[in-house]
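Worksheet: the structure to be examined is printed underneath.
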Amino acid sequence: MRLSTVLKHAGLSREAVDVQPVGLDPNFVSGGVDLGPVRRPLPIEKALHDVLLAYEMNGEPLPPDHGFPVRVVVPHWIGISSIKWLGQLEVSAEPIFSPWNTQFYRLFGPTYPVDGELVSRQTVKSAFELPWEATLSAGRQTLRGRSWSGNGRIRRVEVSTDGRTWRPARAIGHGHAWQRWELPWHPAPGTYTLRARAADVAGVTQPDTVPHNTLGYLFGAVVRHPVTVV
Ligand SMILES: Nc1nc2c(c(=O)[nH]1)N[C@H]1C(S)=C(S)[C@@H](COP(=O)(O)O)O[C@H]1N2
Ligand SMILES: [Mo]
């Protein structure tokens with residue numbers, strides 16, 4: 001069900017600026033300090049645009065680990081936005097603050113403001129469907145992987161097995177949450193570093209490096225995946 005439907009039935013005021021879903025799980029305690037229940041505000045524009053309240057999955061009640069009885073689903077945004085075990089929705093005419101948008105889930109580091117930068121939308125990411133430090137046999141192989149983006153669909157994926165040249169991967173199906181892809185590879189024995197980079201509908205691509213942030217969020221750079229071919 002759309003969150004907007006529930007908010008309208010509840011008599012949402014035009015003055016609302018933020019909506020804060022609050023979880024029913026035990027309060028979060030960090031370093032002996034009780035920070036209260038897990039909660040993080042959403043701007044009203046996002047809350048009304050595409051946010052869902054999920055109470056079923058594949059026609060069955062939502063399983064406990066997915067957030068029974070109800071979880072928030074915030075498309076394109078980082079995981080913490082999608083509050084599980086929803087107990088309460090707080091609506092405010094003033095911006096809402098919680099440790100989950102002031103202390104955590106912000107980018108801190110030398111290239112960021114001292115009070116950090118809020119993290120909301122996901123970046124573009126790609127991963128090979130291989131163990132980390134994979135071992136493959138020489139000869140005919142098919143490399144498979146997935147790419148996804150907080151801006152929408154993936155438009156193009158390129159793979160490099162030598163760090164210099166890039167070949168287009170073939171899309172498998174039409175991904176919504178992520179795009180699966182594959183590419184033939186005929187390696188000789190040796191050690192390799194595989195790279196995959198995607199471009200999304202907004203034209204956003206994956207850079208070689210990203211600025212460091214202390215909490216390690218939104219890593220969207222090209223991953224160097226070590227592979228040994230025997
Ligand atoms: N109530 C509540 N909701 C929560 C959390 C939590 O600890 N409590 N963790 C969040 C984080 S950080 C993530 S990444 C996702 C994980 O959702 P999943 O278990 O469906 O993968 O749930 C989010 N929702
Ligand atoms: Mo998370």
Side-chain angles (χ1 to χ4, degrees), residues 1-4 6-7 10 18-44 46-92 96-109 112 116-127 129 132 145-152 154 175-180 200 206 210-221 223:
M1 173 183 292
R2 289 180 177 274
L3 173 57
S4 63
V6 172
L7 292 175
D18 275 355
V19 179
Q20 178 162 263
V22 182
L24 290 167
D25 43 330
N27 288 2
F28 186 78
V29 179
S30 171
V33 182
D34 186 339
L35 297 176
V38 176
R39 62 202 188 281
R40 191 177 202 252
L42 293 164
I44 192 72
K46 179 66 175 173
L48 294 179
H49 176 54
D50 59 358
V51 175
L52 301 177
L53 296 178
Y55 52 87
E56 282 183 342
M57 195 168 98
N58 302 330
E60 303 281 330
L62 206 56
D65 55 350
H66 284 289
F68 178 88
V70 180
R71 93 171 288 173
V72 182
V73 177
V74 182
H76 303 314
W77 284 27
I78 59 166
I80 187 61
S81 320
S82 294
I83 293 294
K84 300 190 278 190
W85 313 295
L86 183 65
Q88 202 183 311
L89 284 165
E90 188 185 335
V91 180
S92 171
I96 301 177
F97 299 99
S98 90
W100 288 266
N101 72 342
T102 55
Q103 254 180 279
F104 322 127
Y105 303 99
R106 296 183 74 88
L107 305 175
F108 296 101
Y112 294 102
E117 186 182 304
L118 189 69
V119 174
S120 50
R121 194 182 285 267
Q122 268 291 2
T123 50
V124 191
K125 302 188 188 199
S126 298
E129 293 175 14
W132 191 254
R146 299 172 193 218
S147 301
W148 61 101
S149 165
N151 298 312
I154 296 296
H176 285 274
W178 57 40
Q179 177 63 55
R180 300 186 62 207
D200 68 21
Q206 295 184 246
V210 287
H212 171 76
N213 72 88
T214 56
L215 300 175
Y217 295 127
L218 294 186
F219 183 85
V223 175

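These numbers come from a predicted model, not from an experiment. Note that ligands are numbered from 1 as they come in the structure, with each ligand's atoms numbered from 1 the same way.
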Subject >> N or O contact, S82 vs ligand 1, cut-off under 3.5 Å >> reply: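 N/O-N/O distance under 3.5 Å: yes.
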Subject >> Partner of R71 by side chain to side chain contact (heavy atoms under 4.5 Å, CB included), out of L62, L86, I83 >> reply: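 It is L62; the other options fail the test.
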Starting from [atom], find the nearest protein heavy-atom neighbour and note its residue, name and distance.
{"atom": "atom 20 (O) of ligand 1", "value": "R71 NH1, 2.6 Å"}
{"atom": "atom 23 (C) of ligand 1", "value": "G79 O, 3.3 Å"}
{"atom": "atom 12 (S) of ligand 1", "value": "Y105 OH, 3.1 Å"}
{"atom": "atom 19 (O) of ligand 1", "value": "K84 NZ, 2.5 Å"}

**OP:** Only heavy atoms count here, so choose which of D65, L24, I80, V73 is nearest to atom 9 (N) of ligand 1.
**Re:**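 Heavy atom nearest to atom 9 (N) of ligand 1 belongs to I80.
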For ligand 1, which atoms sit closer than 4.0 Å to a heavy atom of [X]?
{"X": "G23", "answer": "1 (N)"}
{"X": "D25", "answer": "1 (N), 2 (C), 6 (C), 7 (O), 8 (N)"}
{"X": "I83", "answer": "1 (N), 3 (N), 24 (N)"}

Subject >> Test side-chain contact (heavy atoms from CB on, under 4.5 Å) applied to I154 and S149, step by step >> reply: CA-CA 7 Å; I154 296 296; S149 165; 3.9 Å; yes
Original post:
Thinking salt bridges, do E129 and R180 make one under a 4.0 Å N-O criterion?
Top reply: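 The answer is yes: the pair qualifies as a salt bridge.
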**OP:** Evaluate the side-chain proximity of V91 to D18: yes if any heavy-atom separation is below 4.5 Å, no if none is.
**Re:**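 Of all side-chain heavy-atom pairs linking V91 with D18, none is under 4.5 Å.
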Original post:
Would you say the side chain of W100 lies within less than 4.5 Å of the side chain of L35, judging by non-hydrogen atoms?
Top reply: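 L35 vs W100: side chains touch.
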**OP:** Consider only side-chain N and O atoms of Q20 and S92, and report whether a donor and an acceptor are under 3.5 Å apart.
**Re:**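 Distance-only check fails for Q20 and S92.
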Original post:
Yes or no on salt bridge (Lys or Arg N to Asp or Glu O under 4.0 Å) for R106 and E117, after CA distance, side-chain angles and deciding distance?
Top reply: CA-CA 5 Å; R106 296 183 74 88; E117 186 182 304; over 6 Å; no
